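Right, one structure below, let's go through it.
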There are 2 protein chains.
Amino acid sequence: MSEDREITIYDIAKHLGISAATVSRGLKNNTMISKSTRKKIADAAKELGYQSNTFASSLRSKNTHTLGVLVPRLNSHFMSSVLAGMEKAASKQGYNLIIAQSLEDADREVVNASTMFNKRVDGLLISLSANTENLNHLDSFFKRKIPVVFFDRVHPHADTTSIIIDNYGAAYKVTSHLIQQGCKRLMHLGGNLLRDVYRQRLEGFQQALKDHHLPFIEELHIISTLSEDAGTDAARYILDLPVSKRPDGVFCANDTVAVHCMIGLKAAGLRIPEDIAFAGFNNDPISKVVEPNLTTVDYSGEVVGTTAVSNLISHLKGISDLYMTNQITLRSELIVRASSAKMRTDI
Amino acid sequence: MSEDREITIYDIAKHLGISAATVSRGLKNNTMISKSTRKKIADAAKELGYQSNTFASSLRSKNTHTLGVLVPRLNSHFMSSVLAGMEKAASKQGYNLIIAQSLEDADREVVNASTMFNKRVDGLLISLSANTENLNHLDSFFKRKIPVVFFDRVHPHADTTSIIIDNYGAAYKVTSHLIQQGCKRLMHLGGNLLRDVYRQRLEGFQQALKDHHLPFIEELHIISTLSEDAGTDAARYILDLPVSKRPDGVFCANDTVAVHCMIGLKAAGLRIPEDIAFAGFNNDPISKVVEPNLTTVDYSGEVVGTTAVSNLISHLKGISDLYMTNQITLRSELIVRASSAKMRTDI
DNA sequence: TTGTATGCGTTATCAC
DNA sequence: GTGATAACGCATACAA
């Protein structure tokens, strides 16, 4: 009974004895069309089971109401919060998300960017892979003035907006806090320095040391992927150090590496924070579960996501200024928990 | 200098003095076209900065190489693993993902399904919202024979494949394990029974009780959203019970609720597993962090994702059988950890 | 191996 | 308010 042919506005037009143009307008609630015909059109559409064809529309109207999202990995707590925020904000405004991950591989990022362009996304949201070195793969976007918004793993570029937090300041604050708790030999478990986020966390750490006249000890600076295994490895590294060379406080660039380092040390009988204090970054759910609870930096992935999308869409709609805002710095907050409440050792 | 007009196959054709049809074929490496012209076309494309327009192509060829993904929430550890797996499998086969979340709201799910259809996704991957009651919103897909694959939160339907694990069996095993550890008053912290996953976990729990001649105690059956707060609430509920009425073992439908219930009880001085043993579900990262580590059921979200996508795509490509496989049950495994290693109380 | 002609479903433009 | 028509960029049936 049901033809396999697609039902089009022409079918509705024929059904009602009006033109396809009118149907097209009516379906979009164009006020030019009389209220009564609009109603007739809507009814006929429902009756015939009409479902608009988005890309026929896109082809003609030149916009897709689709945003491309390019992330290093989908499956981290932070990133999935960001995506949740993005999806929420986008769908509220009638936009869809097409999502791809680079898996920290710059080549894959290049391919994905090209796919996004071919799908003619109205805008691109991107957090760079660990080893992306330039933005050549985004040139098509820049040339065609398709707005690009960076978030988290950003890269300075004139024509874009970046959504970030003050990584430097937060790291400075965390480190100063550890120092105030009595730490004198501080360690840093950091991420890839090619990415600003991790570089700035390192720099904030270093500056805090300097301001408090403490040394930056190369031996106590480890760069890793910040994974669970990296945390376990770091614990082993610490345990292998002569006791006198061990750190008495560790600032980690994320919570995962912090927690699994703590677990490794605890298993070896070290006390936290008495022997070694800890602080992480992200306020991941595990930070509230590990014992002692992990001091960390809280900032909302969801807000990062909604902010990025809102900014992009308002730019698309021409609501924003002529030029895009260049940088949006979101709030972050130091959350002090037991892992850094070091007992005073000088009594 | 750069026109704002899009560069099309016609531009390439003109540039080379050949027909657009040849260009179209050449770009897709059609072997009909001589190797030399193919090379010329590729070169010209690069030179002119050509970028194919996916939906002009889709309009004509009637497939989009895009899969729709509809999930209750993006930001859970399990779901983001699933999505990561899906994206990996899809991109490997040249497909893209367009992702939306229902936020556990059936109405939003209806809207999203319609959007997906309007975007003419080649297939749909869906995990149902907590309160979805029927599949009417998927009728357009069924009618047009657009393949739909359910995963996790599934719903039986003739024309679809479901990717699941044996929730009943896993729950039965977990519960039996708790009983073997000496638990006699078992509690269940479950999810919405409208969803098979949670219903089956309950049923496996109940059957294990029955088989071991233990009672199912209504008072010790709580249904919740399985959130952190739900865990905290459950702890309070348990603490408010007269000591003699408290459970000596708890089986939770996910790890989040388990862990936060444990934390609440520990804060009140209860010992785990001595006073109350615990088991969860999902093998979430927190299960390896909480003390004692949480006994749980492990199954890979990533495998769920890749399986769902592979199955869908092989169906699209006509590689699979004439009819879709109806149900695929993936492996799950009981992971015994300290939270259920109850001391024997009968010595 | 290549070219011609047409249509996919919609919207923009211009006319009435 | 509504209609006729062209155009969006590409792929395909058919012809050569």
Side-chain angles (χ1 to χ4, degrees), chain A residues 3-42 44-45 48-66 115 117-122 140 144, chain B residues 3-42 44-45 48-66 115 117-122 140 144:
Chain A
E3 316 249 352
D4 204 28
R5 217 177 45 78
E6 193 153 308
I7 288 147
T8 73
I9 53 173
Y10 279 92
D11 297 317
I12 300 181
K14 197 174 298 176
H15 184 79
L16 295 176
I18 60 180
S19 83
T22 303
V23 174
S24 173
R25 295 182 185 114
L27 285 171
K28 292 163 61 190
N29 254 304
N30 190 320
T31 49
M32 271 197 234
I33 305 299
S34 79
K35 207 133 197 332
S36 69
T37 27
R38 265 188 279 165
K39 171 116 180 67
K40 267 188 260 174
I41 292 169
L48 300 180
Y50 169 79
Q51 304 245 202
S52 77
N53 184 320
T54 310
F55 42 78
S57 162
S58 295
L59 179 59
R60 189 63 241 249
S61 67
K62 301 221 169 281
N63 50 41
T64 56
H65 280 255
T66 299
T115 309
F117 187 90
N118 290 351
K119 297 243 171 191
R120 298 295 189 275
V121 295
D122 287 346
S140 336
R144 299 297 299 264
Chain B
E3 315 248 352
D4 204 29
R5 216 176 45 78
E6 194 155 305
I7 289 147
T8 73
I9 53 173
Y10 282 92
D11 297 317
I12 300 180
K14 196 174 298 175
H15 184 78
L16 295 175
I18 60 179
S19 82
T22 304
V23 175
S24 172
R25 295 183 184 114
L27 286 171
K28 291 162 62 188
N29 253 304
N30 189 320
T31 50
M32 273 197 235
I33 305 298
S34 79
K35 206 138 196 333
S36 69
T37 30
R38 265 189 277 165
K39 169 119 182 65
K40 268 188 259 175
I41 291 170
L48 300 180
Y50 169 80
Q51 303 247 200
S52 76
N53 184 320
T54 310
F55 42 78
S57 161
S58 296
L59 180 59
R60 186 61 237 254
S61 68
K62 303 227 169 276
N63 51 39
T64 56
H65 280 253
T66 299
T115 308
F117 186 90
N118 291 349
K119 297 243 171 191
R120 298 296 189 272
V121 294
D122 288 345
S140 337
R144 300 297 298 266

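Nothing here was measured: the structure is a model prediction, and the numbers come from that model.
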Sole candidate of A:N63, A:T64, A:T66 that passes side-chain hydrogen bond (donor to acceptor under 3.5 Å, both in side chains) when paired with A:D122:
A:T64
Quick one: list whatever passes salt bridge (charged side-chain N to carboxylate O under 4.0 Å, His left out) with A:D11, sequence neighbours left out.
A:R5
Can you give me the closest heavy-atom contact between B:I33 and B:G26, atom names plus distance?
CG1-N, 4.0 Å
Starting at atom CG of A:N30, determine the distance to atom C1' of C:dT11, rounded to an integer number of angstrom.
11 Å
Contact under 4.0 Å: A:K62 side-chain N or O vs C:dT11 OP1/OP2:
no
For B:K39, give me all partners under salt bridge (charged side-chain N to carboxylate O under 4.0 Å, His left out), at least two apart in sequence or on another chain.
B:D43
To the nearest Å, give me how far apart NZ (B:K119) and P (C:dT10) are.
15 Å
Atom CG of B:L59 to atom C1' of C:dG9: distance rounded to whole Å?
6 Å
Under 3.5 Å, which donor-acceptor pairs do the side chains of residues 49-56 of chain A form with other protein atoms, sequence neighbours left out?
from	atom 1	to	atom 2	distance (Å)
A:Q51	OE1	B:S140	OG	2.9
A:Q51	NE2	B:N118	OD1	3.1
A:N53	OD1	A:F55	N	3.1
A:N53	OD1	A:A56	N	3.2
A:N53	ND2	A:E6	OE2	3.0
A:T54	OG1	B:N118	O	2.6
A:T54	OG1	B:K119	N	3.4

Taking salt bridge (charged side-chain N to carboxylate O under 4.0 Å, His left out) as the test, write out the residues that go with A:K28, two or more places apart.
none
Tabulated below should be each protein N or O lying under 3.5 Å from an N or O of nucleotides 12-16 of chain C; please produce it.
from	atom 1	to	atom 2	distance (Å)
C:dA12	O4'	A:R60	NH2	3.2
C:dT13	O4	A:R25	NH2	2.9

NA contact type, A:S24, heavy-atom cut-off 4.0 Å: base, sugar-phosphate, or nothing?
base
If you take any heavy atom closer than 4.0 Å to DNA chain C, which residues from residues 7-16 of chain B end up in contact?
none
Close residues, residues 48-57 of chain A, relative to DNA chain D [heavy-atom separation under 4.0 Å]
none
Anything under 4.0 Å to a heavy atom of chain A counts; send over the first and last such nucleotide of DNA chain D, read 5' to 3'.
D:dG1 to D:dG9
Nearest heavy-atom contact between A:A20 and A:A13 is N-CB, 3.6 Å
How would you label the contact of B:T37 with the nucleic acid (heavy atoms, under 4.0 Å): base, sugar-phosphate, or nothing?
sugar-phosphate
Indicate the atoms forming the closest heavy-atom contact of B:T22 with B:I41, along with that distance.
O-CD1, 3.6 Å
I'd like to check the ring-ring contact (aromatic ring centres under 6.0 Å, His included) partners of B:H15; sequence neighbours left out, ordered by chain and number.
none
Ranking A:L27 and B:T22 by the position along DNA chain C of their nearest nucleotide, the one closer to 5' is B:T22
With sequence neighbours excluded, residues passing side-chain contact (heavy atoms from CB on, under 4.5 Å) with B:S57
B:S61
Atom CG of A:N30 and atom OG1 of A:T37: how far apart are they, to the nearest 0.5 Å?
10.5 Å
May I have the distance from A:H65 (atom NE2) to C:dT10 (atom P), rounded to whole angstrom?
16 Å
So, using salt bridge (charged side-chain N to carboxylate O under 4.0 Å, His left out) as the criterion, who are the partners of A:R38 when residues are at least two apart?
none
The bend of the helix from C:dT1-D:dA16 to C:dC16-D:dG1, taken between the axes of its five terminal pairs at each end and rounded to 10°, is 30°
